[in-house]
Novice: 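Questions regarding the structure given below will be posed in turn.
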Amino acid sequence: MQIRVISGSPKGEKSVTLQYVRFLEQAFPEHTFSVAHVGQEIKTIERQEEVWNRLLAAVKESDGVLWATPVYCMLVPAQLKRFIELIGTRNAAETFSGKYAASLTTSIHFFDHTAHAYLHGVCDDLGMRYAGSCSAHMQDLEKEAFQEQLVLFFSDFLEAIEERRPVLREFPSLPALSSSYVPETPPAAVDTRGKRVVILHDAEPGSDLEAMVRHLTACYAGSVQVAHIRDAMMNGGCLGCCRCALENTCIYDDGFMAFWRRYVVAADILVMAGTVRDRFFSAAWKRFIDRSFFSGHVPAFKGKQVAYLVEGPLGHLATLREVLTSLVMTEKANLAGIVTNEPDPGEIDAALQALAERSVRLAGRGYIAPATFPAVGGHKIFRDEIWGGMRATFKADDRYYRQHGLYDFPTWNYLQRIGTRVTSLAMSIPSVRREVVKSMPAYMIQPLQKSIETSRVLAERRKRR
Ligand SMILES: Cc1cc2nc3c(=O)[nH]c(=O)nc-3n(C[C@H](O)[C@H](O)[C@H](O)COP(=O)(O)O)c2cc1C
């Protein structure tokens, strides 16, 4: 069979993910693999018609398409995102329709599931038959047990193609939203109380997003900095070279770093306004997000209020919502709100007004919502990965993790370890065990009682403020 591999890594032949493809190529010599280095050659693919046509012709001739890509910032790299956008804008879905597809990623398993869900949704939209996914840790190929699973994954994919396995669509098609937001209610300008408000956007002239940005800007009294992300003058997407790892500086000598410092770093309240293209923010936004990787695993939005304006059917895009909300949380910021252009204009006006008020209020109070699973789990992944090996090269991350006590392994809490050991020994005495089991709920709330007693002190302090 002919397998067309669409490789999303900007590193081309030096891609980690591509080594997994090469492994499969050796393991299945009876099948032919051809690789399109979409991530590396996106500029050429976009500019040269014959390259684009050749690529499509190879997809057309193939029996199956394997999306092989690294996970970049919870999704696929911006370059692959751009390629997927081009399929839509150049009406090339027909070429992909009916083809069997599967996705193979490498990552450190931080939001790999959202990258796969995105690709799955895109395949559904293109009319492809999505037959399965394989998410590998970037070093998994070294393990024989994983190699066996990889072979099984690919065998299953080949069988799906061979037996023309029926595949159901998993992600319902998206509703088309017509551009119709015209504000109805005049904004009541909110005093920003010295907080710096920045709105970054990718709005097209005359779009709903542009109108939302304008209306939100008017909801804040005082100066609001509004900038189009194209003004960051990026020369390209993140190359995945990781040369930023030592000192958190990017090798690109373009406008991005200055733009980042001027707007993102300076903001107390940061609003990111994005247009949905296919199933995520535009490739331009994705490129901006990928380029922020120069700051490694140091939380870039720490302490800020962050909000989103979305032009597109966010209510039908659970994966996009998950990425947007988790990004804020893992960067140690607070999500002040999300406003989309889905409801009626009056509701959008009210939501924008409420967003302005809430963001200023929360910025003043310094509220950062406690993290939930994505950030708690993410922290443990990064902590273990950085400590476990990455720190040899990701020096800036290592420094930050040390300085901020982020190497918080439970094994380093000696008091707790002694307590656990003592309790564990005591539990081997039958009478103690009986007593503890009987009073388990009481033991669980006992350490919290002291905190409840201090709540009155906190309330008094709040009143005095
Ligand atoms: C810009 C950038 C963003 C990344 N984002 C993620 C991420 O969100 N989750 C994750 O698990 N790994 C992430 N990684 C790690 C890569 O997924 C991993 O190193 C992958 O194996 C690289 O594959 P490649 O060599 O094929 O490009 C990121 C790496 C880079 C350079």
Side-chain angles (χ1 to χ4, degrees), residues 5-24 35-42 66-81 103-119 133-142 146 150 234 236-246 248-252 256 260 280 283 285-300 319 322-324 326-331 374-375 377-386 388-390 392-394 396-397:
V5 179
I6 298 187
S7 166
S9 176
K11 291 190 263 171
E13 285 296 334
K14 296 220 169 75
S15 147
V16 169
T17 320
L18 198 76
Q19 310 318 306
Y20 290 64
V21 173
R22 297 296 178 220
F23 172 89
L24 289 172
V35 180
H37 289 293
V38 162
Q40 191 179 48
E41 289 162 14
I42 187 62
L66 179 66
W67 303 89
T69 179
V71 177
Y72 272 17
C73 302
M74 305 177 170
L75 208 84
V76 301
Q79 294 89 336
L80 177 55
K81 173 75 177 60
S103 56
L104 168 64
T105 62
T106 65
S107 68
I108 58 168
H109 290 309
F110 174 69
F111 281 82
D112 47 350
H113 65 295
T114 41
H116 283 280
Y118 168 73
L119 285 172
S133 64
C134 177
S135 172
H137 184 280
M138 54 190 293
Q139 279 152 1
D140 273 346
L141 199 58
E142 296 167 30
F146 172 82
L150 183 60
M234 286 177 276
C238 175
L239 300 170
C241 65
C242 291
R243 274 187 256 175
C244 52
L246 289 178
N248 283 1
T249 47
C250 185
I251 53 152
Y252 270 112
F256 179 76
W260 181 267
F280 198 77
W285 253 120
K286 187 62 181 46
R287 186 165 58 161
F288 190 89
I289 295 168
D290 288 358
R291 287 287 302 271
S292 76
F293 189 76
F294 79 88
S295 56
H297 301 88
V298 173
T319 302
E322 187 180 356
V323 170
L324 295 182
S326 303
L327 184 67
V328 175
M329 205 190 295
T330 53
E331 296 293 342
H379 164 63
K380 290 177 197 294
I381 290 180
F382 292 148
R383 181 193 65 188
D384 290 5
E385 289 285 344
I386 295 169
M390 276 168 66
T393 44
F394 281 73
D397 281 350

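One-based numbering, in listed order, for ligands and for the atoms of each.
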Novice: Nearest to atom 19 (O) of ligand 1 by heavy atom, His137, Gln40, Met138: which?
Specialist: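 Answer by nearest heavy atom: Met138.
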
Novice: Which of the numbered atoms in ligand 1 are below 4.0 angstrom from a heavy atom of His109?
Specialist: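 Atoms satisfying the 4.0 Å criterion: 11 (O).
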
Novice: Quick one: does Cys73 get an N or O within less than 3.5 Å of an N or O on ligand 1?
Specialist: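 N/O-N/O distance below 3.5 Å exists for this pair.
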
Novice: Classify the ring geometry between Trp260 and Phe288 as parallel (under 30°), tilted (30 to 60°) or perpendicular (over 60°).
Specialist: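 Tilted: the ring planes of Trp260 and Phe288 meet at 30° to 60°.
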
Novice: Can you tell me how far the NE2 atom of His297 sits from the CD1 atom of Ile108, to the nearest 0.5 Å?
Specialist: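 CD1 of Ile108 is found 5.0 Å from NE2 of His297.
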
Novice: Return a yes/no value for Lys11: is any of its N or O atoms, backbone included, closer than 3.5 angstrom to an N or O of ligand 1?
Specialist: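 N/O-N/O distance under 3.5 Å: yes.
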
Novice: Backbone, side chain, both or neither: what part of Ser15 comes under 4.0 angstrom of ligand 1, heavy atoms only?
Specialist: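 It is both backbone and side chain that touch ligand 1.
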
Novice: Looking only at protein heavy atoms, which one is nearest to atom 30 (C) of ligand 1, and what is the separation?
Specialist: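 Of the protein heavy atoms, Tyr72 CE1, 3.5 Å lies nearest.
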
Novice: With a 4.0 Å cut-off, would you call Lys286 and Asp290 a salt bridge?
Specialist: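 Counted as a salt bridge, because a side-chain N and a carboxylate O are separated by less than 4.0 Å.
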
Novice: Using distance alone, determine whether Asp290 and ligand 1 share an N or O pair under 3.5 Å.
Specialist: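 No, Asp290 has no N/O under 3.5 Å of an N/O on ligand 1.
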
Novice: Nearest to atom 22 (C) of ligand 1, what protein heavy atom do you find, and at what distance?
Specialist: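 Protein heavy atom at minimum distance: Pro70 CB, 3.6 Å.
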
Novice: Name the closest protein heavy atom to atom 9 (N) of ligand 1, giving the residue it belongs to and the distance to 0.1 Å.
Specialist: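 Nearest protein contact, heavy atoms only, for atom 9 (N) of ligand 1 is Phe110 O, 2.7 Å.
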
Novice: Which residue supplies the protein heavy atom nearest to atom 21 (O) of ligand 1, what is that atom called, and how far is it?
Specialist: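 Its nearest protein heavy-atom neighbour is Thr106 OG1, 2.7 Å.
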
Novice: For atom 8 (O) of ligand 1, what is the closest protein heavy atom, and at what distance to 0.1 Å?
Specialist: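 In this structure, atom 8 (O) of ligand 1 has Met74 N, 2.9 Å as its nearest protein heavy atom.
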
Novice: Does the Ser15 side chain pair with the main chain of Lys11, one donor and one acceptor, at a distance under 3.5 Å?
Specialist: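 Answer holds: no.
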
Novice: List the atom of Thr319, the atom of Ala117, and the distance in Å for their closest heavy-atom pair.
Specialist: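 What the structure gives for the nearest pair is OG1-CB, 3.6 Å.
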
Novice: Of all the atoms in ligand 1, which lie at a distance below 4.0 Å from a heavy atom belonging to Cys238?
Specialist: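 Once the distances to Cys238 are compared, the set is 1 (C).
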
Novice: Quick check on the 6.0 Å ring-centre criterion: do Phe382 and Phe110 meet it?
Specialist: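 Judged by ring-centre distance (under 6.0 Å), Phe382 and Phe110 do meet the cut-off.
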
Novice: For Ile108, is at least one N or O under 3.5 Å away from an N or O on ligand 1?
Specialist: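 The answer is yes, given that Ile108 and ligand 1 share an N or O pair closer than 3.5 Å.
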
Novice: Side-chain donor-acceptor pair under 3.5 Å between His109 and Asp112, yes or no?
Specialist: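 Their side chains do contain a donor-acceptor pair, which is all the 3.5 Å distance test asks for.
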
Novice: With rounding to the nearest 0.5 angstrom, report the NE2 to OG1 distance, His116 to Thr69.
Specialist: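 It is 9.0 Å, given to the nearest 0.5 Å.
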
Novice: Could you check whether any side-chain heavy atom of Leu104 comes within less than 4.5 Å of a side-chain heavy atom of Val21, counting everything from C-beta outward?
Specialist: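 Of all side-chain heavy-atom pairs linking Val21 with Leu104, at least one is under 4.5 Å.
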
Novice: Looking at atom 25 (O) of ligand 1, what's its closest protein heavy atom, distance included?
Specialist: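 Residue, atom and distance for the closest contact: Val16 N, 2.6 Å.
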
Novice: With rounding to the nearest 0.5 Å, note down the distance linking CE in Met74 to OH in Tyr118.
Specialist: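 If I round to the nearest 0.5 Å, the distance is 16.0 Å.
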
Novice: So, is Phe111 polar-close to ligand 1, with some N/O to N/O distance under 3.5 Å?
Specialist: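 No: no nitrogen or oxygen of Phe111 is under 3.5 Å from one in ligand 1.
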
Novice: Which residue owns the protein heavy atom closest to atom 27 (O) of ligand 1, what's the atom, and how far is it?
Specialist: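 The closest one turns out to be Ser9 OG, 2.7 Å.
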
Novice: Are the side chains of Arg22 and Glu13 in contact, using a 4.5 Å heavy-atom criterion?
Specialist: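 Yes, side chains in contact.
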
Novice: Under 4.0 Å, counting heavy atoms only: does Val71 come that close to any atom of ligand 1?
Specialist: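 In this structure, Val71 qualifies as a contact of ligand 1 - some heavy atom is under 4.0 Å.
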
Novice: Go through ligand 1 atom by atom and flag the ones less than 4.0 Å from a non-hydrogen atom of Gly240.
Specialist: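 Every atom of ligand 1 under 4.0 Å from some heavy atom of Gly240: 31 (C).
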
